[in-house]
Enquirer: 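Take this structure first; my questions come after.
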Amino acid sequence: MKSFRELIPFLRPYRLAVFMAPLLMLVEVAMDLMQPRLLEQIVDRGIAQGNMRLVIQTGLLMVGLALVGAVGGVGNTFLAVRIAHRSGADLRDALFARVLDFSFGNLDRLETGQLVTRLTNDVTQVQEVVLILVRILVRAPLLLVGSLIMGVLTSPRLALLLLALSPFILGLLFWVIARAHPLFAAVQERLDRVNTVMQENLAGVRVVKAFVRSAYEQTRFGQANDALRDQTIQAMQLMALVMPLMMLFVNLGVVGVIWFGGRMVVGGQLAVGQIIAFVNYLLQALFSLMMVGMLLVRVSRAAASADRIVEVLHSQPDIQDRPDAGDLAQVQGQICFEDVTFSYNGQAQPVLQEIRFSASPGETVAILGATGSGKSSLVHLIPRFYDVKAGRVLVDGVDVRQVRQASLRRHISVALQEAVLFTGTIRDNIRYGCPDASEEEVIAAAKAAQIHDFIVQLPEGYDTRVGQRGVNLSGGQKQRIAIARALIRRPAILILDDSTSAVDVETEACIQEALASAMANHTRIIIAQRISSVVAADKIIVLDNGRICGMGTHQELLATNPIYQEIYTSQLGNGVKQHG
Ligand SMILES: Nc1ncnc2c1ncn2[C@@H]1O[C@H](COP(=O)(O)OP(=O)(O)OP(=O)(O)O)[C@@H](O)[C@H]1O
């Protein structure tokens, strides 16, 4: 329930509607409460005394009151819908913004499927409960208290019956609510699992097909789906008990009233119309109790969802700007690693140790090393995707932790190892790096990335639509568009993380040449697996198991560094001979 309190601020913008809705409901309830009394009049004073005028007049009054009540009810529902759906949309926005705020570290730990459930189904649960709350939270207690008072006024002795039934009904409600919360929390977890498996499969459906693993994946999905089904059935079976049991109490109440009331009528202590009115009040009171019951069950279900929403809203990004962080205005592109040690969250073993090097504007620094040696981890520290465990990373002499992330990243372009493109045109994808870039700038970036010629021979050129995640492009084409996207910002620091791995050696050389001239005064960091990609660099850093085991030019390393020599020898004949 604490989580609900945390979500109340989302209702604040709609406080006028939140204030008006109960007033409208008050109108509906007041009208509902008058009806049985009028019915009593029709029976006892109209029908019993043969006064047809009174019957018609009272009947018309009942219709009029019902119409007024309907206006109140419809008005309340209109407001309820607006409050629930608007605050729900705001909540989704807030969650989405929070997810975008997460650091790489947060994202490593979160499953996408879980996030999807929280942003969709969990928000819907809370939204629906707000909708019901605005209607029932006001209606049910008002109707309950109103009916009890009117019931007592109609016949105090029969009202004792109601009192006797109450403990059973309340006991049932509390029992259901206590059990419902954990059951529904488990339902949401099972739903997470279904979404995670589904999301993983949709993203990797080609791998599944290539390895003929459809049957295995079907089983995996089936298990998650069955678990969701069983858990939901268990929870819903509990809910299914509520209605019939409540109805049983209602019917017992009606039978009791007719039994005792009938005897009172026979004894002349009560009129027939009073029994009818009382049964009506009894039904209204018990139905409003049932509504409260259903509401509480829904609330306890939504509380499980609210907990999960609040958990996301409250997760703090691992990496945050310091309160005193300044903006990095002009950047030359000087990078300096001072004794940097780094490990991923929760892992004792450092991935990088005692990293010391610098890169200056105009320089190309290449990082070479076996797979898993820590190359990507190293470059991720420059835009502060992760924080160092010890040492410092400086850009233009300033510790990257002392400046606002956005201002730091504005000066750094990273073409990540996996070239992720978005749906849209090729132009949109290149411009993603710099939304106000002109057509000439788009073309210049594409030319430098050696992708312009390919784009212009497409029937729709730069307007060609890129399919989801770039399905209609080859790996090398995607990589080159991603490089153009990084280049178009003309960043002070350009980082290419193995971004030409799917590009042939010749094209790669052209890209490097274009970069050297277009980005002559900028700092370029290039991660590569192939020696051919690094020979021309001003400085090559050889990484081995998270440590720098050699640094220098190609010639220097070839002469002195055994690991570099080993890599060189193993790749000989792979288009590098001419450089050797
Ligand atoms: N997000 C992560 N969380 C935990 N460990 C990670 C993460 N990313 C990488 N690692 C680990 O850190 C080590 C270095 O990985 P990194 O990706 O930096 O290597 P790399 O040299 O770039 O490899 P490759 O050439 O294959 O891309 C690896 O042992 C890897 O398992």
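Any value given below was found using the heavy atoms of this structure, including those in side chains, with hydrogens, waters and symmetry copies removed.
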Enquirer: Over 60° means perpendicular and under 30° means parallel, so classify the ring planes of His452 and Tyr462, tilted if in between.
Expert: tilted
Enquirer: State whether the side chain of Lys375 and the backbone N or O of Ile367 hold a donor-acceptor pair below 3.5 Å, judged by distance alone.
Expert: no
Enquirer: Please check if the side chain of Arg409 supplies one atom and the backbone of Pro383 the other of a donor-acceptor pair under 3.5 Å.
Expert: yes
Enquirer: Does any N or O in the side chain of Asn225 come within less than 3.5 Å of the main-chain N or O of Val194, such that one atom is a donor and the other an acceptor?
Expert: no
Enquirer: How about CD on Gln218, more than 12 heavy atoms from neighbouring residues, nucleotides or ligands closer than 6.0 Å, or not?
Expert: no
Enquirer: Is the closest side-chain heavy-atom distance between Val542 and Ile548 below 4.5 Å?
Expert: no
Enquirer: Are the side chain of His522 and the backbone of Pro491 linked by a donor-acceptor contact shorter than 3.5 Å?
Expert: yes
Enquirer: Using a strict 4.0 Å threshold on nitrogen-to-oxygen distance, state whether Arg401 and Asp399 make a salt bridge.
Expert: yes
Enquirer: If we ignore angles and hydrogens, is there a donor and acceptor under 3.5 Å between the side chains of Thr117 and Gln188?
Expert: no
Enquirer: Give a yes or no on whether Phe96 atom CZ has more than 12 heavy-atom contacts from other residues, nucleotides or ligands under 6.0 Å away.
Expert: no
Enquirer: Is a side-chain N or O of Arg193 found less than 3.5 angstrom from the main chain of Ala224, in a donor-acceptor match?
Expert: no
Enquirer: For the pair Asp544 and Arg547, find out whether any cationic side-chain nitrogen is under 4.0 Å from an anionic carboxylate oxygen.
Expert: no
Enquirer: Output yes when Arg404 and Asp321 qualify as a salt bridge under the 4.0 Å nitrogen-oxygen rule, no when they do not.
Expert: no
Enquirer: Using 30° and 60° as the class boundaries, would you call the ring planes of Tyr432 and Phe422 parallel, tilted or perpendicular?
Expert: tilted
Enquirer: May I ask you to decide if Asp318's main-chain N or O and Asn106's side chain share a donor-acceptor pair within less than 3.5 Å?
Expert: yes
Enquirer: Would you compute the distance between atom CZ of Arg427 and atom CD of Glu460 and round it to the nearest 0.5 angstrom?
Expert: 11.0 Å
Enquirer: Regarding Glu441 and Ser438, is there a side-chain donor-to-acceptor distance under 3.5 Å anywhere?
Expert: yes
Enquirer: Between Ser87 and Asp90, do the side chains contain an N or O donor and an N or O acceptor separated by less than 3.5 Å?
Expert: no
Enquirer: Using a strict threshold of under 4.0 Å (side-chain N to carboxylate O), is an ion pair present between Arg308 and Asp192?
Expert: yes
